[in-house]
Amino acid sequence: MNNQTLNQSKKSPEIIIIGAGFSGLCMAIKLKKSGINSFKIFEKGKNLGGTWHFNTYPGCGCDVPSFLYSFSFETKYDWSLNYPKQKEILQYLEDCAKKYKIVEHIQFNTKITEAIFQSEKNIWQISTDSEEQVQANILISACGQLNQPKIPNIEGIETFEGTQFHSASWNHQYDLNGKTVATIGNGASAVQFLPIIAQQVKKLIVFHRSANWVIPKDDKKFNKLDHWIFKTFPFTTRLYRWFVYLYFESVLVTVNLQKDGIVGKLIALWLNYDRNKKVKEERLKSILKPKSPFLCKRFLLSNNYYETLQLPNVEVVSNQIKKVSQNSIVTEDGTEYPIDALIFATGFESTKFLSSIKIVGLNNQLLQDRWKDGAEAYKGIMVSGFPNFFMLYGPNTNLGSNSIIFMIESQVNYIMSCIKIIQKKSIESLDIKPDILSEFNQKLQTDAEKTVWANNCSSWYKTDQGKITNNWPYSSVRYWLTTLKANLKDFNFS
Ligand code: NAP
């Protein structure tokens, strides 16, 4: 959308979406469904899919069951696994994009670097990394929370002469066979690829910092009969989806939202029993025993993580890393571990929302300055002083359990309701009122302190200072209700 084509008529606002992952595609499909075609998606990758395009590590998959990890308006009856793998999710997204003719709206290999709101014209002036300049009436970020891989700042890391890469940018050219490989990080990504690479490498050295709660995974395959039933009786697909949703919602309400809830304690007792049964060695039992309450950090799902850590070619090191040298890792106790390759499964810069884009609102205010004490937004979607700017999967919209797709669809619903207001009332600029925003966040932060995530544990849900910036501290039903419709009296507009 260049200067000539920018449509000033709010009957069909020009819209720019940043990112073609789950949320960007969902937004685009809903716009199309309501007859708005004047949008463009800028995607930094060479393909759509977001997380599911970038994360290709061995065993990569989702910990939310497939029937729930899909759009409510685009159910799929023939998922092959209960917990879908990356390739099948990516294929699903590609199929959706094709069906709704979204691909022609996407400009690939293009990063948005800057977006400045020009208040005299009520437009967003947007720059890309190829120095392209575009303008839009409405700017929608669909960048997600887990898009900037985190590499720890370890002394000497730049001197390492072997191969090193992050789980989110897996080096498939590097042959792990016969190599001594070190991994750092034991979160959701690591538990998926460790069992696979342990079969390939000569030696696997797993550097371990804190233990997580590991739940056995119901990793069942759907067979032809299941598919036949789901296809022939479509209501069974819906029914199953509802069943899975209610199951996860009950975990969210009884464990995540209760700081010292009894259900969480009972599940922890069962998981302790399960681990003690599976792990033989006392030293390993002690390393793998979580120090934080159940679900304070993200739970892990695996049937073979503990077994993998006990393989003869696998060593678990709990001494902390002191430095990396040209060809080894040295721990605090002075032990040196020679290695050929180093794989980081150290997660993402999850609390630095949108930090790779310079976003400037009214009165030259930088979004990053506004968020210096931790990101926050109205319903995770809008920030006052940044008119016509919306976020998908923004601050405080992640769930400790249950499907993020549910949350994304609710956000898209709310944004569509705002766009309808803009169209109907011929509004040029829609800005959430500062008092509405601060009242919303004061309550949210007070209530977040009552959740299990506020316990004493480090997690990607909160900043180093302990502010919970990522998670929604209520039920997902409440989020759905709160995003049903935008209320004109919540906004300043012109
Ligand atoms: P993560 O859960 O944030 O785990 C990062 C791991 O790296 C933790 O074990 C952490 O230890 C460790 N670590 C970080 N910095 C370190 C350092 N300087 N030294 C030593 N260890 C360090 O990251 P992730 O596994 O990539 O997963 C992130 C999220 O992505 C998941 O929680 C999930 O929501 C999503 N994801 C989902 C799936 C799925 O659905 N299956 C798969 C992959 C990712 P500490 O715990 O001690 O900080």
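Sequential numbering from 1 along the given sequence is applied to the chain's residues. For ligands, and for the atoms within them, numbers begin at 1 and follow the listed sequence.
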Please identify which atoms of ligand 1 are closer than 4.0 Å to at least one heavy atom of Ser210.
-> 45 (P), 46 (O), 47 (O)
Can you name the one residue among Arg283, Lys202, Lys203 that meets salt bridge (Lys or Arg N to Asp or Glu O under 4.0 Å) with Glu315?
-> Lys203
Ring center gap for Trp170 and Phe193 short of 6.0 angstrom = yes
Do the two ring centres, one from Trp472 and one from Tyr479, sit under 6.0 Å apart?
-> yes
Closest non-hydrogen protein atom to atom 20 (C) of ligand 1, residue and atom name please, with distance?
-> Ile184 CG2, 3.5 Å
Write out the residue and atom name of the closest protein heavy atom to atom 42 (C) of ligand 1, then the distance separating them to 0.1 Å.
-> Tyr57 OH, 3.3 Å
Quick one: does Ala345 get within less than 4.0 Å of ligand 1, heavy atoms only?
-> yes
Atom 12 (C) of ligand 1 [closest protein heavy-atom partner, distance rounded to 0.1 Å] | Gly185 CA, 3.6 Å
Centroid separation Tyr69 to Tyr92 less than 6.0 Å = no
Does Gly347 offer a backbone N or O that forms a donor-acceptor pair with the side chain of His166 under 3.5 Å?
-> yes
Write out the residue and atom name of the closest protein heavy atom to atom 33 (C) of ligand 1, then the distance separating them to 0.1 Å.
-> Arg298 NH2, 3.6 Å
If you measure from each heavy atom of Lys297 to ligand 1, is any distance below 4.0 Å?
-> yes
Identify the protein heavy atom lying closest to atom 39 (C) of ligand 1, giving its residue, its atom name and the separation to 0.1 Å.
-> Gly61 O, 3.2 Å
Judged by heavy atoms only, the candidate from Cys60, Gly187, Gly400 nearest atom 2 (O) of ligand 1 is Gly187
For ligand 1, which atoms, with element, lie under 4.0 Å from some heavy atom of Asp63?
-> 39 (C), 40 (O), 41 (N)
Taking the six-membered ring for Trp and the full ring for Phe, Tyr or His, determine whether the centres of Phe406 and Tyr245 are under 6.0 Å apart.
-> yes
Counting from 1, what ligand 1 atoms have a heavy atom of Leu146 closer than 4.0 Å?
-> 29 (C), 30 (O), 35 (C)
What do you reckon, does Ser189 have a nitrogen or oxygen under 3.5 Å from a nitrogen or oxygen of ligand 1?
-> yes
Geometric class of the Trp371/Phe353 ring pair [parallel <30°, tilted 30-60°, perpendicular >60°] | perpendicular
Heavy-atom contacts under 4.0 Å between Phe348 and ligand 1: side chain, backbone, both, or neither?
-> side chain
Considering only heavy atoms of Ser458, which atoms of ligand 1 have at least one such atom less than 4.0 Å away?
-> 48 (O)
Test ring-ring contact (aromatic ring centres under 6.0 Å, His included) applied to Phe67 and Trp242, Phe230, Phe248, Phe243, the passing residue = Phe230
Among all protein heavy atoms, pick the one closest to atom 10 (C) of ligand 1 and tell me residue, atom and distance.
-> Arg209 NH2, 4.3 Å
Between the CD atom in Glu74 and the CD1 atom in Ile405, the distance rounded to the nearest 0.5 Å is 13.0 Å
Of the listed options (Ala168, Ala188, Ala190, Gly59), which comes nearest to atom 36 (N) of ligand 1 when hydrogens are ignored and any heavy atom counts?
-> Ala188
Protein residue, atom and distance nearest to atom 41 (N) of ligand 1, heavy-atom basis = Gln192 NE2, 2.7 Å
For the rings on Phe207 and Tyr337, is their centre-to-centre separation under 6.0 Å?
-> yes
Ring centroid separation for Phe108 and His53, is it under 6.0 angstrom?
-> no
Give the atoms of ligand 1, by number and element, whose distance to some non-hydrogen atom of Pro152 is under 4.0 Å.
-> 17 (C), 18 (N)
Under 3.5 Å, is there a donor-acceptor pair between the side chain of Asn455 and the main chain of Lys259?
-> yes
Nearest-neighbour protein heavy atom for atom 9 (O) of ligand 1, which is reported as residue plus atom name and distance | Asn186 N, 2.8 Å
